[in-house]
Amino acid sequence: MEARHGIVKSYKDAPTRTISAGGVEFAYRELGPKTGIPLVLVTHLAAVLDNWDPRVVDGLATKHHVIAFDNRGVGASTGITPKTIQAMAADALTFIHALGLTQVDLLGFSMGGMIAQVMVQSDPQLFRKLILAGTGPAGGEGIKNVTKLSHFDTVRALLTLQDPKQFLFFTRTPNGRRAGKEFLARLKERTVNRDKPIALKSYFSQLAAIHAWGLERPHDLSVIRQPVLVANGETDRMVPTSNSVDMARRLPDSDLVIYPDAGHGGIFQFHDQFVAKALEFLEQ
């Protein structure tokens with residue numbers, strides 16, 4: 001619903017807009033108050049605008065101008081999806097600059113967290129604070145196995161008539177299974193003007209980019225001077241949780257949150273706690 005002053009309060013009602021930059025028509029949605037420093041969301045492998053948990057987005061938008069977008073070649077955005085995290089980061093920066101923004105906060109989840117790390121190192125003046133969730137550094141433990149794991153769990157999901165995210169994002173405990181079902185139901189709350197699903201070619205380009213990221217030499221994270229909130233579940237199969245611990249140790253100004261009995265989608269399983277922590281972090 002829209003407030004009287006035209007502020008969109010619910011992600012499921014946020015209109016999809018487009019902006020042209022760098023030869024791409026970027027699709028995006030925005031909500032929350034148009035004041036203060038905007039929070040830009042950078043999303044995960046295979047995700048389009050409809051893959052953000054509305055509880056997380058709506059919660060963040062109670063206090064912040066939140067902007068989610070489809071990067072080049074993804075969902076409703078035009079162009080061809082690149083095969084490196086660095087090129088994806090350059091495209092994301094092009095999008096932010098096209099909006100005329102001079103300072104933003106950044107939330108990167110999974111592959112989006114990899115992109116976010118490059119963005120902050122490429123254009124440090126643009127970013128005030130950074131949230132890295134369910135992600136890992138270049139050359140991080142197990143990241144090169146994401147392709148193999150994604151293929152395995154996609155087959156497993158097909159055989160059991162389930163969504164691959166039930167396996168990839170959540171634990172197989174009763175809590176994890178229930179949280180996965182609730183999360184997947186929330187993703188369907190938007191019923192009109194939904195985004196286009198990712199094309200198979202784009203998905204494989206993203207897998208190639210993540211694989212290359214996992215084989216890179218470690219970056220010097222000490223150059224990231226911004227305050228960083230690092231969050232994950234305690235048993236992340238996709239991007240092992242040890243990567244979150246490693247990043248928090250190597251970043252000069254970091255805060256680490258690990259959610260119990262949770263996997264890759266820990267911030268979605270514990271959305272209430274994550275939103276409260278993120279809002280506190282952004283407002284410090």
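No hydrogens, no waters, no symmetry mates; every other heavy atom, side chains included, goes into these values.
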- Query: Ile210 pairs by side chain to side chain contact (heavy atoms under 4.5 Å, CB included) with which of Leu215, Ile143, Thr147?
  - Reply: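 That would be Ile143; it is the only one of Leu215, Ile143, Thr147 passing the side chain to side chain contact (heavy atoms under 4.5 Å, CB included) with Ile210.
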Can you confirm whether [X] sits close enough to [Y] that some side-chain heavy atom of one is under 4.5 Å from a side-chain heavy atom of the other?
X	Y	answer
Leu279	Glu283	yes
Phe127	Gln103	no
Arg237	Asp153	yes
Asn243	Pro137	yes
Lys129	Gln284	yes
Asn145	His211	no
Phe69	Ser77	no
Phe95	Ile67	yes

What distance separates [X] [atom1] from [Y] [atom2], expressed to the nearest 0.5 Å?
X	Y	atom1	atom2	answer
Arg225	Leu251	CZ	CG	10.0 Å
Arg186	Asp53	CZ	CG	4.0 Å
Glu30	Leu99	CD	CG	7.0 Å
Lys9	Thr62	NZ	OG1	10.0 Å
Lys277	Leu282	NZ	CG	11.0 Å
Leu229	Leu107	CG	CG	9.0 Å

Taking all non-hydrogen atoms of both residues, which atom of [X] and which atom of [Y] are closest, and how far apart?
X	Y	result
Val24	Thr78	CG1-O, 3.3 Å
Asn232	Val239	ND2-O, 3.7 Å
Ser150	Thr154	O-OG1, 2.7 Å
Ala116	Leu132	CB-CD2, 4.0 Å
Pro82	Met88	O-CE, 3.3 Å
Pro124	Gln226	O-NE2, 3.0 Å

- What residue among Asp58, Asp50, Asp13 forms salt bridge (Lys or Arg N to Asp or Glu O under 4.0 Å) with Arg29? Asp50
- Message: Using side chain to side chain contact (heavy atoms under 4.5 Å, CB included), reason through Met119 and Ile96 one step at a time and then give a plain yes or no.
- Response: CA-CA 11 Å; Met119 292 169 71; Ile96 292 172; 3.6 Å; yes
- Message: Test side-chain hydrogen bond (donor to acceptor under 3.5 Å, both in side chains) on Glu216 and Gln86; report intermediate values, then the result.
- Response: CA-CA 12 Å; Glu216 275 190 46; Gln86 284 76 7; 3.0 Å; yes
- Would the His264 and Phe109 ring centres measure less than 6.0 Å apart? yes
- Between Trp52 and His44, is the gap from one ring center to the other below 6.0 Å?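 No, too far apart.
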- Task: Apply side-chain hydrogen bond (donor to acceptor under 3.5 Å, both in side chains) to the pair Ser242 and Glu141, showing each step before the final yes or no.
- Result: CA-CA 7 Å; Ser242 56; Glu141 180 195 349; 2.4 Å; yes
May I ask you to decide whether [X] forms a salt bridge with [Y], counting only side-chain N to carboxylate O separations under 4.0 Å?
X	Y	value
Asp163	Lys165	yes
Glu25	Arg72	no
Arg250	Asp220	no
Asp105	Arg128	yes

So, [X] side chain and [Y] main chain: donor-acceptor pair closer than 3.5 Å or not?
X	Y	value
Thr81	Ser202	no
Asp195	Ala76	yes
Ser244	Gly134	no
Gln117	Gly113	yes
Gln166	Arg177	yes
Asp123	Leu93	no
Thr94	Gly22	no

Hydrophobic cluster identity match, [X] and [Y], side-chain contacts under 4.5 Å:
X	Y	result
Leu41	Phe26	yes
Leu200	Leu207	yes
Val257	Val56	yes
Ile224	Ile37	no
Ile80	Ile85	no

- Query: How would you list, by chain and number, every residue that makes a ring-ring contact (aromatic ring centres under 6.0 Å, His included) with Phe170, sequence neighbours excluded?
  - Reply: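 Per chain and number, Phe170 pairs via ring-ring contact (aromatic ring centres under 6.0 Å, His included) with Phe183.
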- Item | Trace of the side chain to side chain contact (heavy atoms under 4.5 Å, CB included) decision for Arg55 with Val275 | CA-CA 8 Å; Arg55 294 300 173 279; Val275 166; over 6 Å; no
- Task: Go through Asp70 and Lys196 one step at a time and tell me if the salt bridge (Lys or Arg N to Asp or Glu O under 4.0 Å) criterion holds.
- Result: CA-CA 10 Å; Asp70 283 333; Lys196 290 164 58 176; over 6 Å; no
- Query: Run the ring-ring contact (aromatic ring centres under 6.0 Å, His included) check on Tyr259 and Phe268 step by step: do they pass?
  - Reply: CA-CA 10 Å; Tyr259 297 106; Phe268 306 135; over 10 Å; no
- Please step through side chain to side chain contact (heavy atoms under 4.5 Å, CB included) for the pair Arg194 and Val48, ending with a clear verdict. CA-CA 10 Å; Arg194 287 181 65 85; Val48 296; over 6 Å; no
- Could you check Met111 against Thr43 for side chain to side chain contact (heavy atoms under 4.5 Å, CB included), going step by step and ending with a plain yes or no? CA-CA 7 Å; Met111 181 185 76; Thr43 195; 5.9 Å; no
- Mind running side-chain hydrogen bond (donor to acceptor under 3.5 Å, both in side chains) on Thr173 and Asp261 for me, showing each step along the way? CA-CA 8 Å; Thr173 67; Asp261 189 14; 2.8 Å; yes
